[in-house]
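Residue numbers start at 1 and run along the sequence shown. For ligands, and for the atoms within them, numbers begin at 1 and follow the listed sequence.
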Amino acid sequence: MNQGRYLIDFNLKDIEKEYYDVLIIGSGIAGVYTALEIPEEYKIAILTKESIDISNSVLAQGGIAVSLDKGDSPEFHYRDTIYAGAGLCDEKSVWILVNEAAQNIENLLKFGVNFDKESPEQLSLTREGAHSKNRIIHAGDSTGKEVCDKLIYVVKAKDNIKIKERVFAVDILTEGNVCKGILALDEETMSLKAYISDIVVCATGGFGQIYSNTTNPDVATGDGLGLAYRAGCELMDLEFIQFHPTVLYHHENKSFLISEAVRGEGAILRNVNGKRFMPEYHELNELAPRDVVSRAIFEEMVKTGSDYVYLDITFKSTDYLENRFPNIFKTCLGYGIDISKDYIPVAPAEHYCMGGIRTDVFGRTSIKGFYACGEAACNGIHGANRLASNSLLEGLVFGHKIGEEVVEILKNRTDNYALDIKSRNNYTKKEVNIEGIRKELQKLMTEYVGILRNRDGLMLAKQKIDSFYEEIGNLKSETIKEFELQNMLLISKLVIDSSLEREESRGAHYRSDFNKTDDEKWKRNLLKVRN
Ligand code: SIN
């Protein structure tokens, strides 16, 4: 691998600097909510490589899991999360998640978020896969957008929070094992700037773009994990990648999610011959854990020689569907699919990365002053397979906890910006087909590191990544696409290494050559850290 400690050659003394109390990278729910959980007396910057409203969180449809119903409790939510996580959840983290859910939802209501309601006092609750109770609160089928829109509105009104759009975080600056800030590229001027702070929160989301078909936006290229790894931070559970079972399969669109909430409202999965198949795979039928449903769909696609299966919600009325799932109804109709009359063609696509930067429950990583939150982080709440609608919740609960922690640090800090940091790797400019390699990488990962894996395929993928590295050589990255490719190659390599290492099947990691779960040997997390 050619990557040095930093992806760029620089000397900090030559670079323009801005100073903040806290820096947050990423503008999804985890990033903006964390910013709002830090008192207004502190100066914060949110850096985002696109505009503030572009994130994976904005696309989240289904909702947020929280035990509000009379017959429900945090204990039930805990039990379901642990069950879906297939033996690898961190019990302490899950306990905090389920017990602190309601108070953070209260907070969202105060910020003006409008969830669907049963009555003026009662939020509507629906169900999704592997939940034993109705506990998903939602805003139609655009929950992420409703939450993010409201939080962004509040953030924009705060004088202490500066939003830095189209600023790409290249690397974190460190001295020893201590975080000092971020080295970033301003995309308009293409110049480097150093954002200096003792506290950096990484909320950059996941890395779904290493796959061809993903529900994630183009920006999900694993940049936060890349910069964390280069700085010597521990990454964990990278082999566990969740494939959402029901993503629209249409020649013009293979990334539009058909929310699990549609199955929560009774939709049935049928193979291309019209036969319902989930009862043959799991007692929870269409609402089995996601990894189970995705593998079942995959198996039916292979059996019937088809690239998709059908989702059938035709037994509901047009009125109901237009009201409950307005975005899905309208989008499908745009492709000529009237979901009140037609089956929806769907196939699994990459959706969520369970692994990420290893943190404790306060978002602390193995580097002092560097925190992580949301999909970029891994504190063990998802284990080997995330329970539906726990991800927006994760951003809230642990964003709040980082807020608590950071306040303590800021109260007792001594400003001490010792900044003699430089890097020289002699990167050189050369012509490389960046877009071509990106596409080949996505295809490779989809084929060999997807829903089903085995040693031969993983070894082949590993060799191919080595050949990509040879092709790019000691590339001097200058464009965002070049930096993204560096991060995508790095994370893909680590995902493959972890997938090869885990010689068993568990949750979302299924090895056809080791198709059993082996608790004795593998009921443990795999860490990746730069030597
Ligand atoms: C969905 O609406 O199906 C996605 C919910 C999630 O990923 O938690």
With distance as the sole criterion, is a donor-acceptor pair present between the side chains of [X] and [Y] under 3.5 Å?
| X | Y | result |
| --- | --- | --- |
| H131 | D80 | no |
| S212 | Q442 | no |
| Y229 | E234 | no |
| S499 | D497 | no |
| E37 | H400 | yes |
| Q61 | S142 | no |
| K49 | T221 | yes |

Hey, does [X] come in under 3.5 Å of ligand 1, counting only N/O atoms on both sides?
| X | result |
| --- | --- |
| Q242 | no |
| A261 | no |
| Q61 | no |
| N390 | no |

Output the list of atoms in ligand 1 that are nearer than 4.0 Å to some heavy atom of [X], sorted by atom number.
| X | result |
| --- | --- |
| H351 | 4 (C), 6 (C), 7 (O) |
| E260 | 1 (C), 2 (O), 3 (O) |
| S259 | 1 (C), 2 (O), 3 (O) |
| A388 | 8 (O) |
| G62 | 1 (C), 2 (O) |
| L257 | 1 (C), 2 (O), 4 (C) |

Mark the output for R290 as yes if a heavy-atom distance to ligand 1 is under 4.0 Å, and as no if none is.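 Within the 4.0 Å threshold, so yes.
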So is A60 in contact with ligand 1, going by heavy-atom distances below 4.0 Å?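 So A60 does not count as touching ligand 1.
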Keeping the roles fixed (side chain from Q209, backbone from P217), state whether a donor-acceptor pair exists under 3.5 Å.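 Judged by distance alone, yes, a pair lies under 3.5 Å.
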Indicate yes or no for a side-chain donor-acceptor contact from S340 to the backbone of T318 under 3.5 Å, with no hydrogens or angles considered.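 No: the side chain of S340 does not pair with the backbone of T318.
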Nearest protein heavy atom with distance in Å, relative to atom 8 (O) of ligand 1: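 Looking only at protein heavy atoms, the one closest to atom 8 (O) of ligand 1 is S389 N, 2.6 Å.
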